[in-house]
*Asks:* 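Below: one structure in structure tokens.
The figures that follow rest on heavy atoms only: side chains count, while hydrogens, waters and symmetry mates do not. Model, not experiment: these values are computed from the prediction. So that the names make sense, note that chain A is the first sequence line, chain B the second, and so on, each numbered from 1.
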Amino acid sequence: MRIPIQDVTPTTGMAEVIGWVHEVRDLGGLAFFLIRDRTGIIQVTIPKKKASKTVLAAAKTVSRESIVRVKGTVKAIDKAPGGRELIPDIFEIMSVSESPLPLDVVEKVPAELDTRLDARFLDLRRPRVGAVFQIRSVAMDAINKFFFDREFIQITTPKIVAAATEGGTELFPIAYFDKEAFLNQSPQLYKQMMMAAGFEKVFEIGPIFRAEEHNTTKHLNEATSIDIEISFADHYEVMQILEDLIISTYEYVKSKCNDQLANLDCVDFMVPKAPFPKLPYVDAITIAQKKCENKIKYGDDISTAAEKAIGEELGGHYFIVDWPTDIRPYYAMPYENDSSICKAFDLMHPRMELASGAQRVHQHDLLVQQIKRKGLNPESFEFYLHPFLYGMPPHAGWGLGAERLVMTMLNLSNVREAVLFPRDMHRLVP
RNA sequence: GCCCAGGUAGUGUAGUGGCCCAUCAUGUUUGCCUGUCACGCAAACGACUCGGAUUCGAAUUCCGACCUGGGCGCCA
């Protein structure tokens with residue numbers, strides 16, 4: 001029976017492992033093979049004078065990254081990685097790898113991201129790359145648990161839609177029989193409609209598509225959005241949930257992913273400290289004005305330079321709250337006592353924006369008015385506006401970028417590192 | 001969309017007009033080597049993105065195409 005490599009200990013006795021040939025060191029009378037599966041690496045040692053002919057023949061012909069089945073005696077030895085090595089009775093090639101390899105799995109020679117993505121399946125064999133996705137999986141598990149524990153209902157909404165959500169963002173047009181259609185940029189309108197449906201607390205984790213022609217380390221044209229919407233909640237309630245979610249996700253990863261974090265050299269993995277400061281937009285602008293060369297005025301979007309300056313000042317996760325109504329989408333609820341600012345917020349990591357949300361407008365007429373103010377046509381939003389006429393609860397929610405969460409959590413230099421097969425301006429394959 | 005940088009063996013690089021039928025590392029192949037852990041030693045193999053121009057001479061200069069990285073705007 002095959003066992004995972006990490007389960008082979010100095011006291012295992014007999015063991016059978018299956019994995020890829022990671023490295024070979026042939027010393028002449030003695031040969032060392034490092035065999036790798038997703039759980040770890042074990043050294044297989046072949047003393048050539050004692051080994052059988054079939055073992056020797058296989059060991060001689062096997063190439064790097066071929067898959068081998070190795071069965072033999074486990075020997076406790078301090079000199080070997082993990083304090084144990086395997087002396088094979090059986091060393092059988094299950095699947096041959098050609099050479100040369102498109103990239104070096106052992107990472108003696110670095111490879112550029114573009115080369116790595118072209119041969120992503122091989123790149124993902126590298127322990128530190130695999131670790132990112134094992135951690136991403138654990139983080140998503142934490143997030144699902146978090147929502148189910150709090151009695152959210154998981155929903156899925158259409159990704160093929162007839163109209164834009166917000167205007168502004170570019171959409172990918174697609175052919176839908178004889179109609180014009182688009183890939184959805186956000187589940188925003190649909191999760192709001194679920195409030196009208198009386199579901200009260202919903203979440204969705206799914207793809208979003210943005211046809212923006214940006215070329216940066218933090219943008220993707222296909223990303224994963226973690227979205228929630230809650231009835232009878234205001235923006236403060238959903239910010240609290242977001243803060244709790246971030247912290248519990250970090251905690252879960254910290255408790256479950258020791259080996260993977262070590263693989264990524266994240267030895268000082270820190271769980272963010274609560275509470276995250278809530279910085280009013282006007283104060284954020286003031287900080288940016290002090291620290292930035294370029295002129296920044298009230299009513300501007302927070303530029304990349306400003307974002308960086310404020311991030312340095314705050315040092316950790318923080319919210320920017322009380323945004324000018326004019327620079328937020330029509331569905332953000334203006335404050336009752338000052339409609340020039342609204343109940344919208346962004347969750348920021350010092351490196352970039354992670355999430356944005358708001359208490360939403362739930363009054364039909366106000367919503368129509370705000371859509372018009374943005375220069376959009378309410379008629380194209382009829383399917384969305386209709387539910388607001390029949391008992392729409394007050395509600396609030398947010399959307400959080402899964403890739404950016406992973407990227408900032410693991411201090412990855414490029415958001416593409418947090419996606420198996422990233423989609424950007426230049427890349428559609430694989 | 002705008003701006004900058006770049007494309008040299010499978011991979012990562014050096015090379016700013018002749019010293020380059022191209023450097024180094026890794027890899028692959030062969031030989032030697034019984035405790036390696038980036039094993040070591042020796043030898044061999046393998047590359048200038050494409051098209052045009054300038055020049056006695058181009059990896060190197062110029063023009064165009066294609067491809068790529070990054071910044072900005074905007075955003076998750």
*Asks:* B:U16 and B:G6: how far apart are their P atoms, nearest whole angstrom?
*Replies:*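 The answer is 13 Å between these two P atoms.
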*Asks:* Check every atom of B:G35, B:C75, B:G27 against the side chain of A:Asp301 and return the nucleotide holding the closest atom.
*Replies:*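 Ranking B:G35, B:C75, B:G27 by closest atom to the A:Asp301 side chain puts B:C75 first.
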*Asks:* Applying salt bridge (charged side-chain N to carboxylate O under 4.0 Å, His left out), name anything that partners A:Glu417, two or more places apart in sequence or on another chain.
*Replies:*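 Listed in chain order: A:Arg116.
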*Asks:* Suppose we call two aromatic rings close when their centres sit under 6.0 Å apart. Are A:His317 and A:Phe276 close by that rule?
*Replies:*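 So the answer is yes for these two rings.
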*Asks:* Can you figure out which of B:C74, B:G12, B:G71 approaches the side chain of A:Glu112 most closely?
*Replies:*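 Nucleotide nearest to A:Glu112's side chain: B:G12.
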*Asks:* From C-beta outward on A:Lys108, which listed nucleotide comes closest to its side chain: B:G27, B:G69, B:G73?
*Replies:*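 Among B:G27, B:G69, B:G73, the one nearest the side chain of A:Lys108 is B:G27.
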*Asks:* Using the P atom as the reference point in each nucleotide, state the distance between B:U54 and B:C72 in Å, no decimals.
*Replies:*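 Going atom to atom, P in each nucleotide, I get 42 Å.
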*Asks:* Under 4.0 Å, counting only non-hydrogen atoms across every strand here, what does A:Glu222 touch: a base, just sugar-phosphate, or nothing?
*Replies:*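 Counting heavy atoms under 4.0 Å across all strands, no contact is made by A:Glu222.
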*Asks:* Using a heavy-atom cut-off of 4.0 Å across all strands, would you classify A:Glu98 as base, sugar-phosphate, or nothing?
*Replies:*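 No contact.
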*Asks:* Is A:Thr224 near enough to B:A76 that one of its side-chain N or O atoms lies under 4.0 angstrom from OP1 or OP2?
*Replies:*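 The answer is no; no side-chain N or O of A:Thr224 sits under 4.0 Å from OP1 or OP2.
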*Asks:* On RNA chain B, check which nucleotide each of A:Thr217 and A:Asp346 is closest to and give me the residue with the more 5' one.
*Replies:*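 Comparing both residues, the 5'-ward one is A:Thr217.
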*Asks:* Please state the C1' separation for the pair B:C20 and B:U8 - nearest whole angstrom.
*Replies:*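 12 Å, rounded to whole Å.
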*Asks:* By the 4.0 Å heavy-atom rule, please label A:Asp78 as base, sugar-phosphate, or nothing.
*Replies:*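 Nothing, no heavy atom under 4.0 Å.
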*Asks:* Assign A:Glu23 to base, sugar-phosphate, or nothing according to its heavy-atom contacts below 4.0 angstrom with the strands shown.
*Replies:*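 Sugar-phosphate only.
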*Asks:* Quick one: is the NZ or CZ of A:Arg150 closer than 6.0 Å to the six-membered ring centre of A:Phe146, and within 45° of its axis?
*Replies:*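 Geometry flag: set, cation within 6.0 Å and 45°.
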*Asks:* Roughly how many Å is it from CG in A:Asn414 to C1' in B:U68, rounded to a whole number?
*Replies:*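 Going from CG in A:Asn414 over to C1' in B:U68 covers 13 Å.
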*Asks:* Work out how far the C1' atom of B:U23 is from that of B:G40, and round it to whole angstrom.
*Replies:*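 Rounded to whole Å, the distance is 23 Å.
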*Asks:* Please work out if A:Lys50 contacts a base, only the sugar-phosphate, or nothing of the nucleic acid, heavy-atom cut-off 4.0 Å.
*Replies:*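 The residue A:Lys50 makes no contact with any strand.
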*Asks:* Let me know the distance between CD1 of A:Ile42 and C1' of B:G35, rounded to the nearest Å.
*Replies:*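 About 16 Å, once rounded to whole Å.
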*Asks:* Where the side chain of A:Ala80 is concerned, which of B:G12, B:U68, B:G35 is the nearest nucleotide?
*Replies:*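 Among the listed nucleotides, the one closest to the side chain of A:Ala80 is B:G35.
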*Asks:* Nearest whole Å is fine: how far is B:A76 P from A:Met140 CE?
*Replies:*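 Interatomic distance, CE of A:Met140 to P of B:A76: 17 Å.
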*Asks:* Taking the same atom, P, in B:U49 and in B:C37, what whole-Å distance lies between them?
*Replies:*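 Result for the P pair: 37 Å, nearest Å.
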*Asks:* Hey, does A:Lys218 reach any base, or is it just sugar-phosphate, or nothing, if we go heavy atoms under 4.0 Å?
*Replies:*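 Base contact.
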*Asks:* Before giving the answer on side chain to side chain donor-acceptor pair (under 3.5 Å), spell out for A:Glu204 and A:Thr157 the whole-Å C-alpha distance, their side-chain angles and the decisive distance to 0.1 Å.
*Replies:* CA-CA 8 Å; A:Glu204 173 167 13; A:Thr157 61; 2.7 Å; yes
*Asks:* Given B:U68, B:U11, B:C33, which nucleotide is nearest the side-chain atoms of A:Asp26?
*Replies:*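 The nucleotide sitting nearest to the side chain is B:C33.
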*Asks:* Answer with base, sugar-phosphate or nothing: what part of the nucleic acid does A:Ala223 contact at a heavy-atom distance below 4.0 Å?
*Replies:*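 Answer is base: heavy atoms of A:Ala223 come under 4.0 Å of a base.
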*Asks:* So if I take every side-chain heavy atom of A:Lys79 and compare against B:U36, B:U68, B:U11, which nucleotide ends up nearest?
*Replies:*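 Given the options B:U36, B:U68, B:U11, the side chain of A:Lys79 is closest to B:U36.
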*Asks:* Which nucleotide sits closest to the side chain of A:Pro110: B:C74, B:G12, B:G35?
*Replies:*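 Within the option list, the nearest is B:G12.
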*Asks:* Whether A:Arg427 contacts B:U68 is assessed here as follows: a side-chain N or O lying under 4.0 Å from the phosphate OP1 or OP2. Is that the case?
*Replies:*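 Checking A:Arg427 against B:U68: no side-chain N or O falls below 4.0 Å of OP1 or OP2.
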*Asks:* With respect to the side chain of A:Val109, which nucleotide from B:C72, B:C75, B:G12 is positioned closest?
*Replies:*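 The answer is B:G12.
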*Asks:* Of all the nucleotides listed (B:A38, B:G27, B:A76), which has the minimum atom distance to the side chain of A:Leu220?
*Replies:*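 In terms of side-chain proximity for A:Leu220, the closest of B:A38, B:G27, B:A76 is B:A76.
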*Asks:* From C-beta outward on A:Thr115, which listed nucleotide comes closest to its side chain: B:U68, B:G12, B:G35?
*Replies:*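 For A:Thr115, the side-chain atoms sit closest to B:G12.
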*Asks:* Using the C1' atom in both, what is the distance from B:G12 to B:C74, to the nearest Å?
*Replies:*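 To the nearest whole Å, 35 Å.
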*Asks:* Can you pull the side-chain hydrogen bond (donor to acceptor under 3.5 Å, both in side chains) pairs that have at least one residue in residues 75-93 of chain A, sequence neighbours excluded?
*Replies:*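 Every side-chain hydrogen bond (donor to acceptor under 3.5 Å, both in side chains) pair that includes a residue of residues 75-93 of chain A, provided the two are not neighbours, is A:Gln43-A:Glu85, A:Thr45-A:Glu85, A:Arg69-A:Glu92.
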*Asks:* Tell me the interatomic distance from A:Asp118, atom CG, to B:G10, atom P, rounded to whole angstroms.
*Replies:*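 So the CG-P distance, A:Asp118 to B:G10, works out to 14 Å.
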*Asks:* Base, sugar-phosphate or nothing for A:Gly401? Non-hydrogen atoms, less than 4.0 Å.
*Replies:*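 Contact class for A:Gly401: sugar-phosphate only.
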*Asks:* Just checking A:Phe148 against A:Phe203, ring centres under 6.0 Å apart?
*Replies:*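 Yes, the ring centres sit under 6.0 Å apart.
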*Asks:* Considering only the C1' atoms, how many Å lie between B:G46 and B:G51, rounded to the nearest integer?
*Replies:*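 Going atom to atom, C1' in each nucleotide, I get 26 Å.
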*Asks:* Look at all strands and tell whether A:Asn215 reaches a base, only sugar-phosphate, or nothing, counting heavy atoms closer than 4.0 Å.
*Replies:*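 A:Asn215: base contact, heavy atoms under 4.0 Å.
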*Asks:* For B:G10, does either OP1 or OP2 sit under 4.0 Å from a side-chain N or O belonging to A:Ser99?
*Replies:*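 Indeed not, no polar side-chain atom of A:Ser99 lies that close.
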*Asks:* Please confirm whether the shortest side-chain N or O distance from A:His426 to OP1 or OP2 of B:U68 is below 4.0 Å.
*Replies:*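 Yes, because at least one side-chain N or O of A:His426 sits under 4.0 Å from OP1 or OP2 of B:U68.
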*Asks:* Would the A:Tyr250 and A:Phe269 ring centres measure less than 6.0 Å apart?
*Replies:*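 Centroid distance A:Tyr250-A:Phe269: below 6.0 Å, so yes.
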*Asks:* Whole angstroms only, please: what is the CG-P distance between A:Leu86 and B:C37?
*Replies:*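 Going from A:Leu86 (CG) to B:C37 (P), I get 21 Å.
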*Asks:* Between B:A58 and B:G18, how far is it from one P atom to the other, in whole Å?
*Replies:*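 Comparing P positions in B:A58 and B:G18 gives a spacing of 11 Å.
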*Asks:* Students often get this wrong, so: under 4.0 angstrom with heavy atoms, is A:Ser63 touching a base, only sugar-phosphate, or nothing?
*Replies:*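 Result for A:Ser63 = nothing.
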*Asks:* When the aromatic ring centroids of A:Phe381 and A:Tyr330 are compared, is their separation below 6.0 Å?
*Replies:*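 Centroid separation for A:Phe381 and A:Tyr330: below 6.0 Å.
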*Asks:* Quick check against the 3.5 Å criterion: does A:Lys201 have a side-chain atom that pairs as donor or acceptor with the backbone of A:Ile153?
*Replies:*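 A pair under 3.5 Å: no.
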*Asks:* Identify whether any heavy atom of A:Leu113 sits under 4.0 Å from a base atom; if not, whether one sits that close to sugar-phosphate; answer base, sugar-phosphate or nothing.
*Replies:*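 Nothing: the residue A:Leu113, judged by heavy atoms under 4.0 Å, touches no strand.
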*Asks:* Round to a whole Å and report the spacing from CG of A:Leu34 to P of B:G35.
*Replies:*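 So the CG-P distance, A:Leu34 to B:G35, works out to 17 Å.
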*Asks:* Quick check: on RNA chain B, is the nucleotide nearest A:Leu30 upstream (toward 5') of the one nearest A:Arg116, or the reverse? Name the residue that is more 5'.
*Replies:*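 Residue closer to the 5' terminus by nearest nucleotide: A:Arg116.
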*Asks:* For A:Leu27, which contact category applies under a 4.0 Å heavy-atom criterion: base, sugar-phosphate, or nothing?
*Replies:*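 Base: the residue A:Leu27, judged by heavy atoms under 4.0 Å, touches a nucleobase.
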